[in-house]
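Worksheet: the structure to be examined is printed underneath.
Counting begins at 1 with the first residue of the sequence.
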Amino acid sequence: MKVGIKMSIYDFKVKNINGEDVNLSEYKGKTLLIVNTATGCGFTPQYDGLQDLYEKYQDKGLEILDFPCNQFGNQAPGSEEEIVDFCQSRYGVTFPQFAKIEVNGANEEPLYSFLKKQKGGFLGSNIKWNFTKFLVDKNGNVIERFAPTTEPQKIEGIIKELL
């Protein structure tokens, strides 16, 4: 990327759950909810709420992008395949899941560096725990960052406004 050019969320490539590159430009025109998740976390039941939102609003342009993260308390220890199996069998997850990433530190996913720069949050830019959520509008603007304790249904109103 050339110096001086403003980065967009659509400039990033990430790995899907099968290790294949996915260009986020594929999601242009969609409202995105980007979440770092874990299968063994106290917030893991939020998968139910995320799936409910996805079922309600996918046909209106919502995409939920799930990035498993094992950085907090070793709460996503499984392989990508084990994580997908768990999420599908336990919570009926049908939204896109991506390869496991780190969201803080030297090995953090560049997408998360960008998200944190856009919406650092009142406690600073580092992600504090699993199920931190970033809401992105149809034009790729990072609109809001939500704490792990914010349940998916609590942000339904703002999602509806953006669709």
Side-chain angles (χ1 to χ4, degrees), residues 1 5-17 22-39 41-73 75-76 83 87 91 93-105 107-163:
M1 179 114 317
I5 302 220
K6 186 177 179 212
M7 293 283 296
S8 158
I9 195 160
Y10 303 127
D11 293 323
F12 292 92
K13 283 185 183 173
V14 293
K15 298 270 186 210
N16 70 13
I17 206 76
V22 175
N23 193 326
L24 291 184
S25 65
E26 292 179 25
Y27 295 102
K28 278 186 179 174
K30 303 273 187 178
T31 298
L32 305 177
L33 187 61
I34 301 172
V35 188
N36 64 299
T37 61
T39 52
C41 175
F43 298 122
T44 300
Q46 287 188 23
Y47 270 119
D48 272 335
L50 293 170
Q51 182 62 30
D52 287 347
L53 287 175
Y54 193 62
E55 288 172 8
K56 275 181 161 173
Y57 300 109
Q58 179 196 14
D59 63 345
K60 294 176 176 66
L62 175 67
E63 286 294 340
I64 296 174
L65 309 184
D66 174 2
F67 289 90
C69 177
N70 196 38
Q71 222 171 352
F72 305 104
Q75 294 183 340
I83 289 168
C87 292
Y91 296 102
V93 166
T94 58
F95 47 81
Q97 293 184 284
F98 292 84
K100 198 185 301 188
I101 63 166
E102 289 187 15
V103 296
N104 293 325
N107 297 316
E108 77 185 26
E109 174 64 42
L111 169 63
Y112 268 79
S113 300
F114 174 79
L115 291 169
K116 293 187 305 185
K117 187 173 180 187
Q118 299 301 307
K119 293 290 176 188
F122 65 94
L123 295 175
S125 64
N126 272 351
I127 303 295
K128 302 300 181 206
W129 205 256
N130 301 308
F131 288 89
T132 297
K133 301 155 199 75
F134 289 90
L135 188 58
V136 179
D137 72 9
K138 294 177 185 180
N139 299 314
N141 301 306
V142 183
I143 299 299
E144 191 65 66
R145 174 179 173 163
F146 299 95
T149 53
T150 304
E151 295 183 6
Q153 60 270 28
K154 300 270 191 209
I155 58 178
E156 184 173 1
I158 192 169
I159 288 171
K160 284 179 10 182
E161 289 175 23
L162 294 175
L163 292 173

*Quick one: pull up NZ in Lys15 and NZ in Lys13 and give me the separation to the nearest 0.5 Å.*
9.0 Å
*Side-chain heavy atoms of Lys133 within contact of Gln46, under 4.5 Å*: yes
*Flag side-chain contact, heavy atom, 4.5 Å: Leu50 against Phe131*: yes
_Please enumerate all residues that pass side chain to side chain contact (heavy atoms under 4.5 Å, CB included) together with Glu108, with sequence neighbours excluded._
Asn104, Ser113, Lys116
*Taking the side chain from Glu109 and the backbone from Val14, do they hold a donor-acceptor pair closer than 3.5 Å?*
no
*side chain to side chain contact (heavy atoms under 4.5 Å, CB included) between Ile155 and Leu33, worked out*: CA-CA 10 Å; Ile155 58 178; Leu33 187 61; 3.8 Å; yes
*Lys119 to Glu144 - nearest heavy-atom pair and separation*: CE-N, 4.1 Å
*Side-chain heavy atoms of Gln153 within contact of Asp52, under 4.5 Å*: no
_Is there a side chain to side chain contact (heavy atoms under 4.5 Å, CB included) between Phe95 and Leu62? Walk through the geometry before answering._
CA-CA 10 Å; Phe95 47 81; Leu62 175 67; over 6 Å; no
*asked:* What's the separation between atom OG1 in Thr31 and atom CG in Asp137, rounded to the nearest 0.5 Å?
replied: 7.0 Å
*asked:* Is any side-chain heavy atom of Asn130 closer than 4.5 Å to one of Cys69?
replied: yes
*Less than 4.5 Å apart, any side-chain heavy atom of Tyr91 and any of Pro45?*
yes
*From Ile64 CD1 over to Gln51 CD, what is the distance, rounded to the nearest 0.5 angstrom?*
7.5 Å
*ring-ring contact (aromatic ring centres under 6.0 Å, His included) against Phe72, all qualifying residues, sequence neighbours excluded*: Trp129
*Decide yes or no on side chain to side chain contact (heavy atoms under 4.5 Å, CB included) for Ile9 and Leu115, but give the supporting numbers first.*
CA-CA 8 Å; Ile9 195 160; Leu115 291 169; 4.1 Å; yes
*Any idea which heavy atoms bring Arg145 and Thr132 closest together, and the distance?*
NE-CG2, 3.9 Å
*For the side chain of Thr39 and the backbone of Thr44, is there at least one donor-acceptor N/O pair under 3.5 Å apart?*
no
*asked:* Show, in sequence, the C-alpha distance, side-chain angles and deciding distance for Glu102 and Ile127, and conclude whether the side chain to side chain contact (heavy atoms under 4.5 Å, CB included) test is met.
replied: CA-CA 10 Å; Glu102 289 187 15; Ile127 303 295; over 6 Å; no
Per-pair distances, 0.1 Å, donor-acceptor, side chain in residues 23-30, under 3.5 Å, sequence neighbours excluded:
residue: Asn23; atom: OD1; partner: Ser25; partner atom: N; Å: 3.0
residue: Asn23; atom: OD1; partner: Ser25; partner atom: OG; Å: 3.1

_Atom of Gln97, atom of Ile83 and distance for their closest heavy-atom approach_ = NE2-CG2, 4.3 Å
*Please state whether the rings of Tyr112 and Phe134 are parallel, tilted or perpendicular, taking 30° and 60° as the class boundaries.*
perpendicular
*Can you tell me how far CD1 of Ile17 sits from NZ of Lys100, rounded to the nearest 0.5 angstrom?*
9.0 Å
*Roughly how far apart are Leu111 CG and Met7 CE, rounded to 0.5 Å?*
9.5 Å
*What heavy-atom pair brings Pro152 and Gly49 nearest, and what distance separates the two atoms?*
CB-C, 3.6 Å
*Got a donor-acceptor contact below 3.5 angstrom from the Asn70 side chain to the Gln75 backbone?*
yes
*asked:* What's the separation between atom CG in Leu65 and atom CZ in Phe98, rounded to the nearest 0.5 Å?
replied: 4.5 Å
*Heavy-atom closest pair, residues Pro96 and Tyr54*: CD-OH, 3.8 Å
*Just checking, any donor-acceptor pair under 3.5 angstrom between side chains of Thr37 and Tyr47?*
yes
